[in-house]
Number of protein chains: 2
Amino acid sequence: MAEKNPFFTAAGDEGCAVYGIHERAIRSVQDQMPWQEDLDKLAEFYRLFGDKTRLKIIWALSVCEMCVCDLCALLQMRQSAVSHQLRTLKLTRIVRSRREGKVVFYALDDDHIRNVLEVGYKHLKERE
Amino acid sequence: MAEKNPFFTAAGDEGCAVYGIHERAIRSVQDQMPWQEDLDKLAEFYRLFGDKTRLKIIWALSVCEMCVCDLCALLQMRQSAVSHQLRTLKLTRIVRSRREGKVVFYALDDDHIRNVLEVGYKHLKERE
DNA sequence: TTTATATATGATTATATGATCATGTTTTGA
DNA sequence: TCAAAACATGATCATATAATCATATATAAA
């Protein structure tokens, strides 16, 4: 992996003198890092959980599916704001939707999502 | 919890007509939601993972502790940029630091962090 | 005690992003 | 077929934020 992975090229201009000493450590880390592209995707993924509104939506949907107006009522936010975030979450496959007449119901598109919430929440609670 | 938790007050002006029908669902969700304050903290926590640079730093430190210049070499970024992000991560207790002469080593401040990375990465991989 | 190295940080700037407003689309019911 | 309800979306704007530059601090070595 390390050979094909262009994540690490060489110490830049700012490389410090200690570099030689830690070179082995750096290579080891480099070998255990995912590909740059994957890390970018992963950051993109976490970013979705990093906004109050989206996180509330995600958590709500982790309990049960809800329609847009339910979410508006729950979050006390404008329908437009909620819809925009739902769009973002749908494009990134965090949620899916199904229409029932005029109403559109949203749900988590994936069971892993719940695990993500859990592990973060646990961390928070064990630190209080 | 629901009674003290001011997360949900009432349907706003934009409450839809379906509201009555879903009221029970909303209350159920509301009961299973963490406190607003906790959700805000949780979003803050995830936000830290939602940036390429920070995520790379976190992942690298999940392998082993590294000094600032190691991270600069690994990320191919200016020392200033790396230090600024390290500061953010330290203030939020994602990482801790120890000084050894002129060199400052950073490490994850918590073993949970690794779990967070894992669960996200798994999700990503199972979706490819 | 100078000088150089490693890191930290304040100020600035360019960019990203989230809420809002206005309006468009879809579906139901009169 | 017309109107209203539920939702989607483009444009705009204010704010947040990440990188950079310049500079400060801390430690070691000469």
Side-chain angles (χ1 to χ4, degrees), chain A residues 11-22 26 40 43-44 46-58 61 65-92 95-107, chain B residues 11-22 40 43-44 46-58 65-92 95-107:
Chain A
D13 299 324
E14 293 202 45
C16 77
V18 202
Y19 174 63
I21 303 177
H22 303 147
I26 293 183
D40 291 353
E44 259 305 295
Y46 286 126
R47 205 180 55 76
L48 298 166
F49 294 76
D51 171 77
K52 292 179 186 187
T53 301
R54 279 194 302 264
L55 187 64
K56 282 173 199 166
I57 291 177
I58 294 171
L61 297 183
E65 73 168 9
M66 298 184 83
C67 73
V68 178
C69 73
D70 286 347
L71 288 168
C72 291
L74 186 66
L75 303 186
Q76 289 290 291
M77 289 185 63
R78 310 228 176 258
Q79 176 263 317
S80 173
V82 172
S83 272
H84 274 296
Q85 295 298 358
L86 284 170
R87 179 184 154 82
T88 311
L89 292 173
K90 192 177 179 181
L91 287 174
T92 50
V95 307
R96 58 184 152 73
S97 66
R98 84 186 160 81
R99 177 177 279 271
E100 197 171 293
K102 283 178 295 188
V103 181
V104 175
F105 287 93
Y106 283 85
Chain B
D13 300 323
E14 293 200 45
C16 78
V18 203
Y19 173 64
I21 301 175
H22 302 149
D40 291 353
E44 260 305 295
Y46 286 126
R47 204 179 57 76
L48 298 166
F49 294 76
D51 171 77
K52 293 178 186 188
T53 300
R54 278 193 303 264
L55 187 64
K56 283 173 198 166
I57 292 177
I58 294 171
E65 74 168 7
M66 298 183 85
C67 73
V68 179
C69 72
D70 287 346
L71 288 167
C72 290
L74 186 66
L75 304 186
Q76 289 290 290
M77 288 184 63
R78 310 226 176 261
Q79 175 263 317
S80 173
V82 173
S83 273
H84 274 298
Q85 295 299 356
L86 284 170
R87 179 182 152 83
T88 310
L89 292 174
K90 191 175 178 183
L91 287 175
T92 50
V95 307
R96 58 185 152 74
S97 66
R98 84 186 160 80
R99 177 177 278 269
E100 195 171 296
K102 283 181 294 188
V103 181
V104 175
F105 288 94
Y106 282 85

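The separation between M77(A) atom CE and dA8(D) atom P is 15 Å, rounded to whole Å. The distance from atom CD of E65(A) to atom P of dC7(D) is 12 Å, rounded to the nearest whole Å. Between the CG atom of L71(B) and the P atom of dA6(C) there is a distance of 14 Å, rounded to whole Å. Here dT5(C) presents its C1' atom at 15 Å from CG of D70(B), a figure rounded to the nearest Å. Taking atom CZ of R54(A) as the reference point, atom C1' of dA16(D) lies 13 Å away to the nearest angstrom. The distance between atom CD1 of I57(B) and atom P of dA8(C), rounded to the nearest whole Å, is 11 Å.
Looking at heavy atoms from C-beta onward, F105(B) lies in side-chain contact with H22(A) at the 4.5 angstrom threshold.
The side chain of Q85(B) lies closest to dA19(D), out of dT7(C), dA19(D), dG10(C). Proximity note for R87(A) (side chain, C-beta onward) versus dT7(C), dC7(D), dG10(D): the nearest is dG10(D).
Not one side-chain nitrogen or oxygen of Y106(A) sits closer than 4.0 Å to the OP1 or OP2 atom of dA6(D). The shortest distance between the side-chain N/O atoms of R47(B) and the OP1/OP2 oxygens of dA16(D) is not below 4.0 Å.
Between the R78(A) side chain and the S80(A) main chain, no donor and acceptor come within less than 3.5 Å of each other. Remark: the backbone N or O of L48(B) is paired with a side-chain donor or acceptor of R54(B) at under 3.5 angstrom.
In this structure, the side chain to side chain contact (heavy atoms under 4.5 Å, CB included) partners of V68(B), at least two apart in sequence or on a different chain, are C72(B), Q79(B), V82(B), S83(B), L86(B), Y106(B). Legend: residues meeting ring pair (Phe, Tyr, Trp, His ring centres under 6.0 Å) with Y46(A), ordered by chain and number and at least two apart, are F49(B).
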Sugar-phosphate means primed atoms, P, OP1 and OP2; the rest is base. With that split, encode nucleotides 21-30 of chain D 5' to 3' as B, S or - using protein heavy atoms under 4.0 Å. BB----BS--
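Checking S97(B) against V82(A), the closest nucleotide of DNA chain C that is more toward the 5' end is the one next to S97(B). If T88(A) and S83(B) are placed on DNA chain C by their nearest nucleotide, the residue sitting closer to the 5' end is S83(B).
Salt bridge annotation for R98(A)-E65(A): present, with a cationic side-chain nitrogen under 4.0 angstrom from a carboxylate oxygen.
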